[in-house]
Amino acid sequence: MQLQIGVKVLIKNSKGLYLLVQRTDTLSNNQEHAWDIPGGRINPEEDLRSALTREVNEEIGIKLTDAPKLIDAQDIFVTTKDLHVVRLTYTIDMDVSDIILSQEHQAHTWTSLEDAFQLNVDPYLKKILSKLL
């Protein structure tokens with residue numbers, strides 16, 4: 001089984017809303033495009049903060065302004081791909097004005113935690129959002 005480590009960040013603005021990005025591709029178990037948060041896999045030579053900073057810049061075109069805070073760690077087993085992903089999720093408070101989406105995402109939205117559950121949210125993100133309510 002292959003091991004991958006991913007880093008994600010939940011960005012909260014001064015209005016108390018959270019940034020979600022909608023994937024361009026659908027998940028294998030869903031026909032609807034899922035909403036997630038920015039982030040991705042770390043490279044072997046990267047520390048966690050550098051990887052998160054790089055991924056956020058690549059996916060939404062912004063630079064993290066402060067140190068993010070770790071809020072959750074998840075084990076994700078994708079048996080169909082013989083893959084174990086360790087997903088570390090951070091949170092950061094910052095206002096973002098100009099979001100430039102990469103090709104990985106087709107849309108973004110700012111939402112409350114409660115309203116996020118009305119969207120097709122990635123199942124692993126849904127678990128984290130439930131803990132924050």
Side-chain angles (χ1 to χ4, degrees):
M1 182 169 279
Q2 182 183 7
L3 174 65
Q4 294 178 349
I5 301 171
V7 288
K8 297 271 189 171
V9 66
L10 185 60
I11 300 171
K12 180 181 173 185
N13 69 17
S14 59
K15 296 177 182 177
L17 300 176
Y18 295 87
L19 176 67
L20 299 182
V21 290
Q22 189 178 40
R23 291 187 180 127
T24 300
D25 295 329
T26 58
L27 298 174
S28 59
N29 61 348
N30 199 327
Q31 296 304 313
E32 191 178 343
H33 296 273
W35 290 88
D36 199 359
I37 54 179
R41 294 182 186 99
I42 69 167
N43 295 323
E45 71 281 359
E46 283 182 306
D47 61 67
L48 296 172
R49 173 78 187 269
S50 297
L52 186 60
T53 299
R54 175 186 53 77
E55 282 288 344
V56 168
N57 192 327
E58 288 175 3
E59 291 192 0
I60 61 172
I62 67 160
K63 184 173 180 178
L64 298 178
T65 56
D66 292 315
K69 176 185 170 189
L70 182 66
I71 59 170
D72 204 56
Q74 296 170 302
D75 284 306
I76 301 169
F77 293 94
V78 186
T79 54
T80 57
K81 296 183 179 179
D82 200 30
L83 180 63
H84 175 198
V85 178
V86 175
R87 179 173 166 162
L88 304 174
T89 301
Y90 296 81
T91 188
I92 192 169
D93 293 341
M94 65 183 282
D95 286 314
V96 178
S97 55
D98 295 325
I99 294 174
I100 303 168
L101 295 175
S102 71
Q103 292 180 353
E104 294 177 44
H105 300 98
Q106 63 182 8
H108 73 278
T109 190
W110 290 94
T111 185
S112 67
L113 291 176
E114 295 82 7
D115 289 345
F117 288 97
Q118 304 305 313
L119 302 171
N120 182 37
V121 176
D122 175 283
Y124 301 102
L125 175 59
K126 191 175 281 190
K127 291 177 185 177
I128 293 168
L129 297 178
S130 295
K131 292 178 183 180
L132 295 177
L133 281 176

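For clarity, every value in this text was computed on a predicted model and none was experimentally measured. When reading the values below, keep in mind they use all heavy atoms of this one structure, side chains included, and skip hydrogens, waters and symmetry mates.
Under the 4.5 Å side-chain heavy-atom criterion for Ile, Leu, Val, Met, Phe, Trp and Tyr, Val85 and Phe77 are members of distinct hydrophobic clusters. One hydrophobic cluster, built from ILVMFWY side chains closer than 4.5 Å, holds both Ile62 and Val21. Side-chain heavy atoms closer than 4.5 Å link hydrophobic residues (I, L, V, M, F, W, Y) into clusters, and following such links, even through other members, never connects Ile5 to Ile76. Residue Ile60 is grouped with residue Leu17 when hydrophobic side chains (ILVMFWY) are merged at heavy-atom distances under 4.5 angstrom, including chains of intermediate members.
Between the Gln74 side chain and the Tyr124 main chain, a donor and an acceptor come within less than 3.5 Å of each other. Distance alone, capped at 3.5 Å, is enough to place a donor-acceptor pair between the Asp47 side chain and the Ser50 backbone. Between the side chain of Gln22 and the main chain of Gln106, no donor-acceptor pair closer than 3.5 Å is present. With hydrogens and angles disregarded, no donor-acceptor distance shorter than 3.5 Å links the side chain of Thr109 to the backbone of Leu20. Of the possible donor and acceptor atoms, one in the side chain of Thr24 sits under 3.5 Å from a partner among the backbone N and O of Glu104.
Between Asp66 and Met94 the shortest side-chain heavy-atom distance does not fall below 4.5 Å. When side chains are defined from C-beta on, Leu19 counts as touching Ile99, because their heavy atoms get closer than 4.5 Å.
When all heavy atoms are compared, the tightest approach of Ala67 to Ile92 is C-CD1, 4.5 Å. Residues Asp72 and Lys131 share a closest heavy-atom pair of OD1-NZ, 2.9 Å. Contact record, Ala51 with Ile42: CB-CG2, 3.2 Å, taken as the closest heavy-atom pair.
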**Message:** Is there a side chain to side chain donor-acceptor pair (under 3.5 Å) between His33 and Asn120? Walk through the geometry before answering.
**Reply:** CA-CA 7 Å; His33 296 273; Asn120 182 37; over 6 Å; no
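When each of Val7, Ile11, Ile71, Val56 is paired with Tyr90, the side-chain contact (heavy atoms from CB on, under 4.5 Å) condition holds for Val7 and for no other. Checking Lys8, Arg23, Lys127 one by one against Asp122, the side-chain hydrogen bond (donor to acceptor under 3.5 Å, both in side chains) holds for a single residue, Arg23.
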